[in-house]
Amino acid sequence: MSTLVEEWSEQVRAAARSGAHLAIRGGGSKRFYGGEERGEVLAVGGYQGIVAYEPTELVVTARAGTLLAELNQVLAERGQWLAFEPPACGPTATVGGMLASGLSGPRRQTSGAVRDFVLGVRILNGLAEVLSFGGQVMKNVAGYDVSRLMAGSLGTLGLVLEVSFKVLPLPVAEKSLRFSLGEAAALEKLNQWAGRPLPISASAWHDDVLTLRLSGAAAAVTAAGRTLGGEALDDSAALAFWQAVREQQHAFFAGEAPLWRLSLPSLAPCQKLGPTFIEWGGAQRWLRGGDPQEIRRAAEMAGGHATLFRADAALKAAVGVFQPLSAPLARIHRQLKLAFDPSGVFNPGRMYPDL
Amino acid sequence: MSSATGLPDQRFTVDRAVLISRLRAVLPAHALLADEEEMRPYDCDGLTAYRHLPLLVALPEDEAQTQAVLRICHALHAPVVARGAATGLSGGATPHPDGVVVSLAKLKKIVKLDPLARTAVVQPGVRNLAVSEAAAPYGLYYAPDPSSQIACTIGGNVAENAGGVHCLKYGLTVHNVLRVRGLTIEGDVVEFGSAALDAAGYDLLALINGSEGLLAMISEITVRLTPKPELAQVVIASFADVRKAGDAVASIIGAGIIPAGLEMMDKKAIHAVEPYVNAGYDMNAEAILLCESDGTPEEVAEEIGRMTAVIEKSGASMIRVSQNEAERLKFWAGRKAAFPAVGRMTPDYLCMDGTIPRKHLAEMLEAIGHLSEKYGLRCANVFHAGDGNLHPLIMYDANQPGELERAAAFGADILELSVRFGGTITGEHGVGLEKVMLMAEQFSTAEIAAFHRLKAAFDEAGLLNPGKGIPTLARCREYTQARAGNAAGAPGQA
Ligand SMILES: Cc1cc2nc3c(=O)[nH]c(=O)nc-3n(C[C@H](O)[C@H](O)[C@H](O)COP(=O)(O)OP(=O)(O)OC[C@H]3O[C@@H](n4cnc5c(N)ncnc54)[C@H](O)[C@@H]3O)c2cc1C
């Protein structure tokens, strides 16, 4: 075991004994997300390095503190990438934080999310045990799928030490198209197109403009471009646009009004709850401001859920960051937390107040 | 389990008469089987080496009846084993001698198919292929296609996180399921995932996939449907050397191609399949590779060109490309019939399911060859080459004393080797009863203990499929000690 991991184990044991809390921090780029950090900061950014990378196996393994930018760079050199386009939310983003926050980018609608690409993890649990789950192979059903469970768990189940991801080749060709469409019409089109074998890899609607990105083999992208019509964006403008969507640098995301993320069935009708930005073929809808109770109710009615993605601490504390769970689910969540972190050492309150 | 009989360690004391009378009150008369003769067809799954009669078999006809059965079993502390189509190959649905088999076979309604949303809501007993058939008129299908897809159920697929020959590109069950509605052993309804792409809280949907009936009873599933590609074509390549075939796989992926399917078969498998299916396979080849491309006609033409170039360079002795849909299906029919074809050559066979990093393939096949000689048992190999998932089919005759034990030891050696190569003991068939002891090969005692705590978070009483999936800590210790004793002569070291 590396000395760093030994030190952390000792810190975890001490915290468990004294009832203290530890706030796991990678690069701090996603501190805005989830409940407020509580307890002594456990900085893991120093635990860096790509442990194994074999392009022909489509697998990369990295320590949790590795900079996301570095990982992206190393993969790009071999013509590969993390196909779920994780947003970094800043230059300090680490691989561990990316996994723990579970955030996926524009390509999620077709490629899948962080959890779909996780193959294995090594973690330090609340009993200060180093445990490995999953592995470095594509298919693995030995034991429960704890690796995927870590995605989006916000560090509440343990400290992620190392992660293995499935990687994919970069698309050969890309092309972005723009259409003038109102919200309802855009939603209808997006759902219709998604039912056809078209290489649509991302979509963004805002202010009566729908932007589509096509990715894949050159022949497929060209053919789909002809089928769909619209107005083509030039390549550099397209790149800048999708980067801005992925990193929430688009003008829609500026300013102080609370930012809500609604995860809904792609067919859910227009919500008419405030200024809206739609991604993932209709399945991810961003909202500015609005009445928290009304937003949560609307999301639930539509078959989805609402997350208070960015807001000040007071509002987050008042309404909670994540949609409340049903009673049986809440019970399973508490029991799972106890199974991994019985003394409640890690990131208390980062996800739900009682976890 | 105790090795030869497959009987679980943990026994339960259940008053059968009380159980019968309480279940009769909540189930129609024909939905509860209690006679030995009636229960006989339920005594095993696809792993026929282990058979036990359960106390009772319940065949609920809706979710409410299923819920009522669970509540009664919970109250009477009776183990519950869920059963789909029983095509499972690891003994996941093998009955517990003190428990109730709950067959979901009667819950086979497609509740809703929404072509615009590209989803289908199905009951757990719906067959895998039935979903694709129902979706076909809309140009959609359900992507995971296990070779057993005519028979196996979506509930069983979720419980095993089943794969198929197209999962390198289209994903496993876990990637194609949006929502699972489940019942806890207490009978509470829980929704894992949602009709959206994610749900609030922990990703419990990921845990339910592959949970082998140990965490919850699955009562409804929402699956994602995929648009059918306009065209698919498959390249079939022969190799005079398995190593070259293995290298071809790495070269294809190295060239940035993700084939829609990438499968390999060795000579024994080809010779089992060809006389049975007449798929047109090259009987002189040491290995054949099936490599599929799908998409728009332009895309497929471009990709097939690149694939054949790479395969040629890897030293294939013969390359053919399917010229029409009928021929494509014929090429695949051989691969999909590999298990029954081998089944014709031998009274019994065990199907192994290790996954390894692909670079170790040639080494693995050589080691299997040596083990085959050592144990005096034939073995054919089919391989989901794209994702490193190997299915050695070990042939034996259960009526010959000692052969089952030899076959099991052969299989265990292969799986230990898989772990040593950095892989896993099971890629898609599950641990079940068969590989429960081998879990100790892959996981430390602390990791096994963590699995037990995780299970208890869902099923505190430990009534859902006890004895499967995760070994008791006592068994782990025994296993580790026995292995340590044998270490000097451990197979696969050679
Ligand atoms: C010829 C052949 C080919 C095969 N090919 C493949 C393949 O290509 N890929 C692959 O992955 N597998 C394959 N299999 C294995 C098997 O078909 C799969 O594991 C399948 O998913 C099992 O489905 P089933 O309905 O038969 O489940 P069963 O065998 O009945 O049950 C399997 C497990 O799931 C649990 N279970 C079943 N239903 C439920 C439910 N509703 N709720 C909770 N738990 C439940 C059972 O308790 C058991 O543990 C093959 C098997 C055969 C015989």
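Naming convention: chains lettered A, B, ... in sequence-line order (proteins, then strands); numbering from 1 in each chain. Worth saying up front: this structure is predicted, and the values here are computed from it rather than measured.
Proximity to chain B is limited to the backbone of Leu264(A), based on heavy atoms less than 4.5 angstrom apart. For Ser147(A), no part sits under 4.5 Å from any heavy atom of chain B, backbone or side chain. Using a 4.5 Å cut-off between heavy atoms, Val189(B) touches chain A through its backbone atoms (N, CA, C, O) alone. When heavy atoms are compared at a cutoff of 4.5 Å, Arg334(A) does not approach chain B at all. Using a 4.5 Å cut-off between heavy atoms, Glu303(B) does not touch chain A at all. For Tyr144(A), the parts sitting under 4.5 Å from any heavy atom of chain B are the backbone and the side chain alike. Leu154(A) does not touch chain B: none of its heavy atoms, backbone or side chain, sits under 4.5 Å away. Within the 4.5 angstrom heavy-atom criterion, only side-chain atoms of Leu127(A), from C-beta onward, approach chain B. At a 4.5 Å heavy-atom cutoff, the contact between Arg196(A) and chain B is made by backbone atoms alone. Both the backbone and the side chain of Leu197(B) come within contact range of chain A, with heavy atoms under 4.5 Å apart. Only the side chain of Leu168(A) comes within less than 4.5 Å of a heavy atom of chain B; its backbone N, CA, C and O stay farther away. With a threshold of 4.5 angstrom between heavy atoms, Glu447(B) approaches chain A through its backbone and through its side chain. In this structure, chain A has a heavy atom under 4.5 Å from the backbone of His429(B), while its side chain stays farther away. Only the side chain of Ala450(B) comes within contact range of chain A, with heavy atoms under 4.5 Å apart. With a 4.5 Å cut-off on non-hydrogen atoms, Leu215(B) touches chain A through its side chain but not through its backbone. Heavy-atom distances place both the backbone and the side chain of Ala194(A) under 4.5 Å from chain B. If you measure heavy-atom distances from Asn389(B) to chain A, the contacts under 4.5 Å come from the side chain alone. Residue contact with chain A, scored on non-hydrogen atoms closer than 4.5 Å, involves the backbone and the side chain of Pro357(B) alike. Only the side chain of Gln442(B) has a heavy atom closer than 4.5 Å to any heavy atom of chain A. Interface residue Val190(B): only side-chain heavy atoms are found under 4.5 Å from chain A. With a threshold of 4.5 angstrom between heavy atoms, Glu191(B) approaches chain A through N, CA, C or O but not through any side-chain atom. If you measure heavy-atom distances from Arg118(B) to chain A, the contacts under 4.5 Å come from the side chain alone. Heavy-atom distances place both the backbone and the side chain of Leu116(B) under 4.5 Å from chain A. Proximity to chain B (any heavy atom under 4.5 Å) is restricted, for Glu129(A), to the side chain, taken from C-beta onward. With a 4.5 angstrom heavy-atom cutoff, Pro328(A) touches chain B via backbone and side-chain atoms both. If you measure heavy-atom distances from Ile332(A) to chain B, the contacts under 4.5 Å come from both the backbone and the side chain.
Of the possible donor and acceptor atoms, none in the side chain of Glu428(B) sits under 3.5 Å from a partner among the backbone N and O of Val141(A). A donor-acceptor contact shorter than 3.5 Å links the side chain of Asn465(B) to the backbone of Glu212(B). In this structure, Arg296(A) contributes its side chain and Ala306(A) its backbone to a donor-acceptor pair below 3.5 Å.
When the candidates Lys228(B), Glu298(B), His452(B) are compared by the number of heavy-atom contacts under 4.5 Å with chain A, Glu298(B) comes out ahead. Interface summary for chain A: among Ala199(B), Gly423(B), Ala301(B), Ala456(B), the most heavy-atom pairs under 4.5 angstrom belong to Ala199(B). Chain A forms the most heavy-atom pairs under 4.5 Å with one residue out of Gly256(B), Gly295(B), Gly354(B), and that residue is Gly256(B). No other option in Lys359(B), Glu230(B), Glu460(B), Lys455(B) has as many heavy-atom pairs under 4.5 Å with chain A as Lys359(B). Of the listed residues (Ala224(A), Ala330(A), Pro324(A), Ser263(A)), the one with the most heavy-atom contacts under 4.5 Å to chain B is Ser263(A). For chain A, the option among Thr296(B), Val431(B), Asp188(B), Leu207(B) with the highest count of heavy-atom pairs below 4.5 Å is Leu207(B). Among Gly163(B), Gly388(B), Gly201(B), the residue with the largest count of heavy-atom pairs under 4.5 Å with chain A is Gly201(B).
Contact detail for Val59(A) and Gln136(A): the closest heavy-atom pair is CG2-O, 3.3 Å. Between Asn161(B) and Val174(B), the shortest heavy-atom contact is OD1-N, 2.9 Å.
When only modelled atom types and interatomic distance are considered, Thr119(B) and Asp114(B) share no side-chain donor-acceptor pair under 3.5 Å. Neither side chain, Glu54(A) nor Thr56(A), offers a donor N or O lying under 3.5 Å from an acceptor on the other.
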Under the side chain to side chain donor-acceptor pair (under 3.5 Å) rule, what do Thr173(B) and Asn157(B) come out as? Steps first, then yes or no, please.
CA-CA 7 Å; Thr173(B) 302; Asn157(B) 289 172; 5.2 Å; no
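The structure places OG of Ser164(A) at 10.0 Å from CZ of Arg122(A), a figure rounded to the nearest 0.5 Å. Atom CG of Asp198(B) is separated from atom CG of Leu205(B) by 10.5 Å, given to the nearest 0.5 angstrom. Residue Thr355(B) holds its OG1 atom at 8.5 Å from CZ of Phe383(B), rounded to the nearest 0.5 Å. Annotation: the span from Leu438(B) atom CG to Phe443(B) atom CZ amounts to 12.0 Å, rounded to 0.5 Å. Rounded to the nearest 0.5 angstrom, Leu228(A) CG and Leu214(A) CG are separated by 6.0 Å.
Classification of the Tyr352(A)-Phe322(A) ring pair by plane angle, with boundaries at 30° and 60°, yields tilted. In this pair, Phe458(B) and Phe192(B) present their aromatic rings tilted. The plane angle is within the 30 to 60° band.
A salt bridge is defined here as a Lys NZ or Arg NE, NH1 or NH2 lying under 4.0 Å from an Asp or Glu carboxylate O, and Lys468(B) with Glu434(B) fails to meet this definition.
Note: Phe346(A) and Phe340(A) fail the aromatic proximity criterion, with ring centroids not under 6.0 Å apart. Aromatic pair His333(A)/Tyr202(B): centroids less than 6.0 angstrom apart.
Annotation: side chain of Thr156(A) is in contact with side chain of Ser153(A) (closest heavy-atom distance under 4.5 Å).
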